[in-house]
There are 2 protein chains.
Amino acid sequence: MRVRLEDVARATGVSPKTVSRVLNEESSVKESTRQKVLAAMESMNYRPSPAARGLAGSRSFLVAMLYDNNDNPASTYLAEVQDGVLDACDAHRYSMMACPLRMRGQDFIRRVDALVFDHHIEGVIMTPPLTDYAPLLQRLKEHGVPHSSISPVHREASIGVCMDEQQAAKALVMQLVELGHRRIAHIVGIANHGASRWRMAGYKDALAAAGLPFDPHYVVQGEFSFGSGVLAARELFALPELPTAIFAANDDMAAGVMWAANERGLKVPRDLSVCGFDDTPLATQLWPPLTTVRQPSREMGKLAALQLMEVLRGRGPGLLVQVPYTLQLRESTARVP
Amino acid sequence: MRVRLEDVARATGVSPKTVSRVLNEESSVKESTRQKVLAAMESMNYRPSPAARGLAGSRSFLVAMLYDNNDNPASTYLAEVQDGVLDACDAHRYSMMACPLRMRGQDFIRRVDALVFDHHIEGVIMTPPLTDYAPLLQRLKEHGVPHSSISPVHREASIGVCMDEQQAAKALVMQLVELGHRRIAHIVGIANHGASRWRMAGYKDALAAAGLPFDPHYVVQGEFSFGSGVLAARELFALPELPTAIFAANDDMAAGVMWAANERGLKVPRDLSVCGFDDTPLATQLWPPLTTVRQPSREMGKLAALQLMEVLRGRGPGLLVQVPYTLQLRESTARVP
DNA sequence: GACAGAAATGACAGCGCTGTCAATTCGCGA
DNA sequence: TCGCGAATTGACAGCGCTGTCATTTCTGTC
């Protein structure tokens with residue numbers, strides 16, 4: 001029926017345990033034996049049973065991708081990250097379970113416990129804002145589950161992947177300055193997201209570098225959603241002196257700004273320059289196409305998963321790797337008339 | 001350490017096998033016994049080990065969601081479907097593996113075999129165009145794996161979920177007719193997708209019902225992507241008599257049409273009415289907001305998964321359930337001047 | 001009240017693999 | 001050549017559950 005480890009052992013003339021050792025890449029196997037076993041596995045088309053490995057050993061070859069399910073602000077982002085994670089899993093013969101978590105209530109405890117106890121998941125990959133949700137981190141720590149974070153706020157203690165968002169935001173706003181803009185507004189994202197902080201910090205950095213004053217009136221609170229971008233823009237349009245450029249902390253809000261500009265009869269980029277952050281597909285689907293910062297979500301998912309697996313395979317402590325950003329200068333920004 | 005089935009048995013005073021029977025909802029257990037066992041499970045917080053169940057029995061409590069990974073046209077759609085599937089899995093204590101498949105090459109065979117042999121998945125949920133990919137269906141059949149389809153082309157032989165897209169498209173185009181439009185163009189989706197056929201058929205139905213002639217010049221081939229929408233619209237704008245309304249087979253292409261309209265200096269909806277299909281988040285983020293048909297993707301994912309589980313639990317042959325559509329009339333369509 | 005047949009329950013082996021620990025073989029200096 | 005620690009390998013039990021088949025306990029009938 002099924003080719004078992006024992007069959008491979010018999011074919012090779014060694015004990016099942018030795019085959020098991022080869023399978024698990026344990027070091028104490030003579031190279032010649034290893035080759036023989038590998039050859040037999042290959043020719044017999046042997047495929048280990050995850051269920052049996054899970055039952056007998058402690059390993060399950062399962063990782064979980066945890067993400068916030070409360071609102072659905074950027075499902076494109078999640079989809080891309082997930083694709084990247086799956087890529088990495090594929091390469092290392094891991095499987096991934098997608099696990100949406102509701103942050104309010106105790107749901108996440110139940111879910112995490114289920115993952116750990118029922119499925120013996122070996123590790124976790126998280127996206128913001130879960131990356132910095134203390135109760136969750138706490139629970140993972142209690143269970144001793146390694147985790148890899150994508151764009152976590154606390155960079156010191158984390159493994160995973162991040163981008164220098166502050167530097168990217170600064171570069172983006174500097175572009176606006178170079179185009180002659182002096183009244184540059186910023187729409188902030190959800191308060192406790194790292195992304196909000198860094199992008200805001202970059203905005204301030206750029207103002208400072210350009211010798212422009214920081215005016216709190218030009219900073220409006222948003223919450224990463226299209227609708228909040230509309231509202232924030234309306235607020236800015238009510239100011240006595242309109243900004244000539246608006247930097248929204250993500251593309252969705254930037255789209256909202258452009259929507260509100262249309263509503264108000266302002267022509268982008270003639271009357272107003274707009275830029276966002278993330279370079280979601282939306283960015284090139286707006287008219288005019290949106291100037292933004294490309295964040296390689298898929299790549300980041302993959303790298304985060306790879307870092308996790310390094311840890312799981314005991315190949316090192318795991319790193320927080322940094323990926324480069326790219327400015328995407330498009331038609332939604334222009335020189336001040 | 002861990003509460004095992006044996007522990008529950010001891011606490012209840014029955015044999016492990018009986019507890020197992022309760023766990024698997026087998027019928028030959030006296031009701032009073034069943035209650036006792038269930039109570040014990042509850043109070044001891046017993047959680048069966050999927051690995052052990054998978055090893056011993058034939059069941060794995062795993063289903064796979066298969067989707068096409070070639071291009072990434074509508075990741076929002078996939079993300080919503082996946083959320084729905086996860087919902088259903090949660091309710092029935094199943095786990096889901098996300099499994100992107102490349103249709104070209106033999107990749108899908110390797111992947112499917114891996115799912116079946118390695119993970120013993122019990123069933124599969126598929127999205128278009130996989131739902132009608134003969135080699136895949138063939139392979140699933142060979143393995144005897146039940147599958148549930150979302151919007152499959154061949155409705156007779158399938159279980160899963162669908163929507164009356166033809167009727168929906170017809171209703172949408174009828175709306176345009178009622179607004180006074182006579183020259184209504186259509187941008188078709190990728191050729192072999194059921195969605196393309198049905199939406200086209202609904203378009204024709206509406207023309208016929210309104211007594212309007214079908215003019216092939218007003219039908220342009222697209223491929224569901226934003227870019228293809230732009231190209232198709234440019235083609236239409238090159239016609240001697242411009243259409244007064246364009247029905248694109250999905251929202252992304254409709255967004256492309258609006259983009260091209262901007263490019264061409266046409267004002268939507270004053271000079272041109274535009275409508276799409278799917279009601280993705282994009283629809284409300286465009287200016288003006290897009291008239292479209294709401295397709296409840298998340299609900300559809302959930303229902304497809306539920307149908308699959310009905311089959312897996314032997315509760316019936318499985319149905320192809322139909323979900324209702326909703327017209328979303330927004331500002332991208334207006335009365336002909 | 002005895003008995004056939006159905007309903008409910010239990011004993012036991014084993015799913016395919018790995019952990020533990022013991023046994024064997026190897027390499028090398030004395 | 002002998003002896004010893006290190007490098008390899010193997011024997012065996014058991015992970016937590018379910019399939020098979022035997023056994024016990026109910027039913028209802030005459």
Side-chain angles (χ1 to χ4, degrees), chain A residues 1-38 40-41 44-62 93 114 116-120 122 312-314, chain B residues 1-38 40-41 44-62 93 95 116-120 122 312-314:
Chain A
M1 179 81 184
R2 178 193 180 104
V3 182
R4 289 156 310 149
L5 185 140
E6 192 191 335
D7 302 325
V8 177
R10 195 155 29 221
T12 325
V14 299
S15 74
K17 179 67 214 188
T18 297
V19 178
S20 167
R21 286 191 176 98
V22 172
L23 190 60
N24 292 290
E25 300 182 356
E26 288 174 31
S27 56
S28 60
V29 179
K30 211 201 300 178
E31 184 56 26
S32 61
T33 314
R34 218 176 74 82
Q35 291 305 337
K36 265 194 305 184
V37 171
L38 284 176
M41 280 181 173
M44 302 174 76
N45 192 27
Y46 168 70
R47 340 204 51 167
S49 151
R53 297 228 265 175
L55 225 206
S58 47
R59 313 197 55 182
S60 64
F61 294 90
L62 263 181
R93 294 185 154 275
V116 173
F117 287 129
D118 298 1
H119 296 284
H120 289 286
E122 295 183 30
L312 296 181
R313 303 171 73 198
Chain B
M1 178 78 185
R2 176 191 181 105
V3 183
R4 288 157 310 151
L5 185 142
E6 192 192 334
D7 302 323
V8 176
R10 196 156 28 224
T12 325
V14 299
S15 75
K17 179 67 215 188
T18 296
V19 178
S20 167
R21 287 193 176 96
V22 172
L23 190 60
N24 292 290
E25 301 184 355
E26 288 173 30
S27 55
S28 61
V29 179
K30 212 202 298 179
E31 184 54 26
S32 61
T33 315
R34 217 175 76 81
Q35 291 305 338
K36 265 194 305 186
V37 172
L38 284 176
M41 280 180 174
M44 301 173 77
N45 192 26
Y46 167 70
R47 339 205 51 167
S49 152
R53 297 228 268 176
L55 226 207
S58 47
R59 314 198 55 182
S60 64
F61 293 89
L62 263 181
R93 296 184 152 276
S95 294
V116 173
F117 288 128
D118 299 0
H119 295 284
H120 288 286
E122 295 183 30
L312 295 181
R313 303 171 73 198

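Both backbone and side-chain heavy atoms feed into the values below; hydrogens, waters and symmetry mates do not. Protein chains get the first letters and strands the later ones, always in sequence-line order, with residue 1 at the start of each.
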### Under 3.5 Å donor-acceptor, B:E122 side chain and B:S60 backbone
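Yes, B:E122 side chain to B:S60 backbone: donor-acceptor pair under 3.5 Å.
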
### Task
Measure from CZ on A:R53 to P on D:dC15 and round the result to the nearest Å.
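Atom CZ in A:R53 sits about 20 Å away from atom P in D:dC15.
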
### Interatomic distance where CG belongs to A:L5 and P belongs to D:dG10 [whole Å]
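These atoms are roughly 12 Å apart.
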
### Message
One pair to check against side chain to side chain contact (heavy atoms under 4.5 Å, CB included): A:V3 and A:N45. What are the steps and the verdict?
### Response
CA-CA 8 Å; A:V3 182; A:N45 192 27; 5.8 Å; no

### Query
Counting side-chain heavy atoms from CB outward, which of D:dC17, C:dG16, D:dT9 is closest to B:S49?
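Looking only at side-chain atoms, B:S49 lies closest to D:dC17.
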
### Query
DNA chain C: B:T33 or A:E26, which has the more 5' nearest nucleotide?
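Comparing both residues, the 5'-ward one is B:T33.
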
#### Entry: Earlier contact from the 5' end, DNA chain C, for B:V14 and B:G57
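Result of the comparison: B:V14.
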
### Message
Determine whether a donor-acceptor pair (one donor, one acceptor, N or O, separation below 3.5 Å) exists between the side chain of B:R21 and the base of D:dG19.
### Response
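When only heavy-atom distances are counted, B:R21 does not reach the base of D:dG19 through any donor-acceptor pair under 3.5 Å.
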
### Query
Looking only at N and O atoms, is any donor in the side chain of A:R47 or the base of C:dG16 less than 3.5 Å from an acceptor on the other one?
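No.
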
### Message
Which is more 5' along DNA chain D, the nucleotide nearest B:K17 or the one nearest A:G13? Just name the residue.
### Response
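On the 5' side of the pair lies A:G13.
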
### Query
Does CZ belonging to B:R93 count more than 12 external heavy atoms closer than 6.0 Å?
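Not more than 12 within 6.0 Å, no.
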
### Query
So, do A:R21 and A:T33 sit near enough that their side-chain heavy atoms are less than 4.5 Å apart?
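No - every pair of side-chain heavy atoms lies 4.5 Å or more apart.
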
### Query
Is any side-chain nitrogen or oxygen of A:S20 closer than 4.0 Å to OP1 or OP2 of C:dT18?
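For A:S20, the contact criterion (side-chain N or O under 4.0 Å from OP1 or OP2 of C:dT18) is met.
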
